[in-house]
Amino acid sequence: MRRKKLSTEELTNGIRKGDRLVLSRAITLVESQRPEDMEQAEVLLQTLLPATGRSFRLGITGVPGVGKSTFIEAFGTLLTEKGLKLAVLTIDPSSQRSKGSILGDKTRMEELARNPNAFIRPSASGSTLGGVSGKTREVMLLCEAAGFDFIIVETVGVGQSETLVHGMVDFFLLLMLAGAGDELQGIKKGIMEMADAVVINKADGDNLKPAKRAKVEYQNALHLFPANLSGWIPQVKTCSALEKSGLEEVYEMLDKFKRKVKSNGYFDKNRADQQVSWFKENLTDLLRTSFFKKPEVKQRYEEKLKEVQSGKTPALNAAREVISII
Ligand code: GDP
């Protein structure tokens with residue numbers, strides 16, 4: 001049984017009041033691929049836009065097992081204790097391909113899930129050509145309009161979605177382990193380069209010493225990267241998500257970052273740049289989809305495909321002949 005559809009006004013009012021059920025319904029709407037839903041979602045986003053943008057957006061990545069959910073549970077609880085309202089959005093690049101999902105098990109972040117000042121939502125990683133992004137950015141805007149002032153976007157560090165998350169957050173935090181070696185952790189140099197901070201988790205028990213050593217090593221490694229446009233020097237911290245130590249230091253670091261980039265203008269500039277990139281990405285996506293939907297394109301595409309397969313027409317020429325339809 002389908003539930004009664006909420007009107008745009010009902011959705012807007014509910015979100016503005018911070019009604020979590022309405023927020024969930026709005027997220028489902030924004031993620032929907034049905035043309036009438038997409039139309040309503042656009043009106044909703046336009047209406048709510050003035051109420052968005054006021055949160056701090058934190059991206060967290062790290063390989064499975066590094067302790068992301070334990071960290072988010074502990075750090076998120078700390079944030080709510082400071083009076084912040086936290087939304088956690090998880091992007092799982094595996095969920096499209098296999099039905100099973102790395103982040104999907106329901107036992108993750110149980111405590112935070114019960115916290116009245118926290119909202120956790122897995123974000124399907126979209127099926128758009130080339131994009132794994134889905135609608136995480138739009139979901140983030142809805143959460144902001146609903147009064148969440150801290151957003152964590154979490155992704156599994158398996159290489160596909162980090163750039164994407166980096167492009168939608170204010171601060172990009174890489175969780176790592178001591179002693180596992182960069183290659184073992186599957187962290188590519190490019191991802192290290194994007195990080196505003198490397199936080200070495202599980203700095204407890206026997207692992208405390210190696211964690212401290214790793215801190216120095218990462219600090220040295222980060223120094224070799226070109227200076228960050230934000231004027232911020234990437235930091236290395238250690239913490240234990242399990243023992244809840246080092247978390248206050250992470251919070252203070254974020255606060256310091258925020259003050260710095262707000263005063264030097266980078267915060268706003270970065271957000272504006274991110275919006276521009278998102279606009280361009282959407283434009284390319286929409287162009288591609290609407291182009292391939294045209295019947296005459298479909299027909300010529302099939303023709304040219306065969307010609308290319310049989311070696312009759314060079315690939316570039318064939319592509320141009322399809323494009324010449326517009
Ligand atoms: P995720 O896959 O990155 O989300 O990792 P999880 O949060 O599920 O953690 C993986 C395992 O590491 C779990 O068994 C956790 O209890 C454990 N773990 C997480 N953080 C810590 C920590 O700070 N110290 C120790 N010793 N274990 C931790």
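When a ligand or atom number is given, it counts from 1 through the structure's own listing order.
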Give me the atom names and distance for the closest heavy-atom approach of Arg121 to Thr28. NH2-OG1, 3.4 Å
Nearest heavy-atom contact between Val169 and Leu58 is CG1-C, 3.9 Å
Would you say the side chains of Asn117 and Thr80 form a donor-acceptor pair under 3.5 Å? no
Side-chain donor-acceptor pair under 3.5 Å between Gln40 and Thr8, yes or no? yes
Any non-hydrogen atom of Val63 lying under 4.0 Å from ligand 1? yes
Can a non-hydrogen atom of Gly62 be found less than 4.0 Å from any atom of ligand 1? no
Quick check on contacts: which atoms of ligand 1 are under 4.0 angstrom from a heavy atom of [X]?
{"X": "Pro64", "answer": "2 (O)"}
{"X": "Ser69", "answer": "4 (O), 6 (P), 7 (O), 8 (O)"}
{"X": "Lys68", "answer": "1 (P), 2 (O), 3 (O), 4 (O), 5 (O), 7 (O)"}

Output yes when Lys294 and Glu296 qualify as a salt bridge under the 4.0 Å nitrogen-oxygen rule, no when they do not. no
For the pair Lys258 and Asp170, find out whether any cationic side-chain nitrogen is under 4.0 Å from an anionic carboxylate oxygen. no
[X], any N or O under 3.5 Å of ligand 1 N or O:
{"X": "Gly67", "value": "yes"}
{"X": "Phe71", "value": "no"}
{"X": "Leu242", "value": "yes"}
{"X": "Asp204", "value": "yes"}
{"X": "Ala241", "value": "yes"}
{"X": "Ser240", "value": "yes"}

Cation-pi check, Lys85 onto Phe119 ring (under 6.0 Å, within 45° of axis): no
Considering only heavy atoms, does Asn201 approach ligand 1 within less than 4.0 Å through its side chain, its backbone, both, or neither? side chain
Please check this pair: side chain of Gln235 against backbone of Ile233, looking for a donor-acceptor N/O pair closer than 3.5 Å. yes
